[in-house]
**Q** 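The following block contains the structure, expressed as structure tokens.
Only a predicted model underlies this, so the values are computations on that prediction, with no experimental measurement involved.
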Amino acid sequence: MQRREFLRRGAVLAGGTLLSTRVAFAQADSRQPRFVLAILRGALDGLASVPPLGDRNYGELRRELALHAPGETGGALPLNGFFGLHPSLEFLHQCYAARELTVLHALASPYRERSHFDGQDVLENGTPRPHALQTGWLNRALAAAPAPAAREAGVSLGQNVPLVMRGPAAVTSWSPSKLMALDEDTLSRITELYSGDALLATRLADALAANTIAAGDDGEAGMMAPQTAPAAVRGSARYAEVVRAAAGFLRRADGPKVAVFDTSGWDTHANEGGAQGQLAARLGELDAGLATLRQELGPAWKDTAVLLLTEFGRTAAVNGTRGTDHGTATAGFLLGGAVAGGRVIADWPGLTARALYQGRDLAPTLDVRSVLKGVLAEHLAVPARALEQQVFPESSAASALRGLIRS
């Protein structure tokens with residue numbers, strides 16, 4: 001099915017510190033919206049994660065990486081008759097069936113080169129150019145959101161606070177420890193040692209309290225998977241650890257309502273694999289982590305929106321090492337109980353040689369800033385004026401995409 005027929009049928013077009021005070025975004029109802037941003041660093045292959053099975057050029061371009069039709073061995077999971085979902089994304093497929101997942105395709109930031117560092121900077125700073133600002137769009141959105149009463153409006157989970165969360169709004173951070181848990185006697189001695197310094201004592205108390213929040217009920221946050229375990233086991237354990245920590249913060253009435261974490265390993269230049277292989281394993285780890293997030297959030301899931309983004313896509317054709325090189329447009333995912341899901345949003349450009357961007361990449365037709373404006377306005381009540389002026393400067397051509405969040 002080509003673009004004109006596709007659009008006519010309307011298949012897819014659609015217009016560590018302790019937190020001690022409560023975050024409450026002004027809403028017309030009693031909801032407490034939670035927002036999670038996950039950045040997939042390394043450039044996710046959108047044509048692999050969400051294959052356009054109905055495009056007759058897909059198989060020829062993808063060759064040995066092409067996924068089979070739903071129902072066949074190793075086939076894609078069905079979405080809307082034109083697009084499928086990688087078979088490793090079983091939880092996301094369940095969310096789609098429950099109308100809690102919206103797939104975004106032919107999606108891109110304003111960046112049109114192929115540097116990971118510059119692409120990620122544009123994705124996070126919210127402008128059309130790399131290094132244009134030293135603050136991030138999500139932090140500026142938190143600063144503009146109505147009446148954020150808490151000391152920290154958001155939490156960053158990882159070794160560093162990413163650019164997207166830096167700026168005027170106060171945020172906190174939590175990082176999994178690479179050390180074994182301290183016994184009570186050692187911890188008591190450290191506490192006594194720090195007691196003579198007010199600043200150190202406060203920081204230690206805050207860090208311990210934050211770790212308790214992140215740990216939830218099991219008290220095991222911060223414990224790394226044994227380094228002797230297989231890499232896949234360690235990877236899954238890291239995902240589970242981070243998302244459990246995120247849920248521990250978000251489900252608290254007095255905790256932050258926005259969380260950010262990132263993942264790496266999406267730069268599949270060689271031996272990418274199809275239904276099985278390197279990318280499939282990575283997608284499976286991500287899918288399992290998201291399932292854990294839903295489970296750990298419990299009742300808070302119904303008010304949660306999770307957005308998965310990457311800096312750019314990958315080439316439409318397979319390279320000489322059975323992988324894909326840096327591209328342009330890609331796929332993104334918006335899921336959660338607050339999402340108006342069960343659909344794919346894409347103005348599909350097609351995969352003919354003429355339709356490809358610079359003759360090699362999936363062409364971008366959906367601006368990521370349109371998605372972000374829609375989510376921030378509908379879910380976090382960020383004013384439109386702030387979105388246009390402070391959060392995403394120079395973005396007038398990217399109109400907010402409406403209807404992404406359940407009314």
**Q** Is the shortest distance from a Lys or Arg side-chain nitrogen in Arg251 or Glu296 to a carboxylate oxygen in the other one below 4.0 Å?
**A** yes
**Q** Testing Ile345, Leu101, Val339 one by one against Leu334 for a side-chain contact (heavy atoms from CB on, under 4.5 Å), which residue passes?
**A** Val339
**Q** Could you give the distance from CD (Gln278) to CG (Leu283), rounded to the nearest 0.5 Å?
**A** 10.5 Å
**Q** Is the side chain of Thr310 donor-acceptor paired with the backbone N or O of Leu40 at a distance under 3.5 Å, no angle test?
**A** yes
**Q** Look at Arg314 together with Asp267 and state whether they make a salt bridge at an N to O cut-off of under 4.0 Å.
**A** yes
**Q** Could you check Arg166 against Asn139 for side chain to side chain donor-acceptor pair (under 3.5 Å), going step by step and ending with a plain yes or no?
**A** CA-CA 6 Å; Arg166 299 176 200 163; Asn139 188 287; over 6 Å; no
**Q** Begin from the C-alpha positions of Trp137 and Phe392 and carry the test ring pair (Phe, Tyr, Trp, His ring centres under 6.0 Å) through to its verdict.
**A** CA-CA 7 Å; Trp137 59 261; Phe392 299 106; 5.7 Å; yes
**Q** Salt-bridged, Asp45 to Arg62, with N to O below 4.0 Å?
**A** yes
**Q** Start with the C-alpha gap between Lys373 and Ser399, add the side-chain angles, then the distance that decides, and say whether side chain to side chain donor-acceptor pair (under 3.5 Å) holds.
**A** CA-CA 8 Å; Lys373 286 180 180 179; Ser399 301; over 6 Å; no
**Q** Using a distance-only test with no angle check, is there a side-chain donor-acceptor pair under 3.5 angstrom linking Asp361 and Thr328?
**A** yes
**Q** Less than 4.0 angstrom from a charged side-chain N to a carboxylate O is my criterion; do Glu394 and Arg129 meet it?
**A** yes
**Q** Donor-acceptor pair, distance only, cut-off 3.5 Å: does the side chain of His379 make one with the backbone of Arg406?
**A** no
**Q** Would you say the side-chain atoms of Glu378 pair up with the backbone N or O of Gly403, donor to acceptor, closer than 3.5 Å?
**A** yes
**Q** Take Thr135 and Arg140, measure what side chain to side chain donor-acceptor pair (under 3.5 Å) needs, and give me the verdict at the end.
**A** CA-CA 7 Å; Thr135 60; Arg140 298 194 299 271; 2.9 Å; yes
**Q** Quick check: does any side chain N or O of Asp287 sit under 3.5 Å from a backbone N or O of Glu90, one acting as donor and the other as acceptor?
**A** yes
**Q** Looking at Arg41 and Glu124, is there a salt bridge between them, counting it only when a charged N and a carboxylate O are closer than 4.0 Å?
**A** yes
**Q** Please collect all ring pair (Phe, Tyr, Trp, His ring centres under 6.0 Å) contacts where either partner lies in residues 295-333, sequence neighbours excluded, each pair once.
**A** His116-Phe312, His116-His326, His269-His326, Phe312-His326
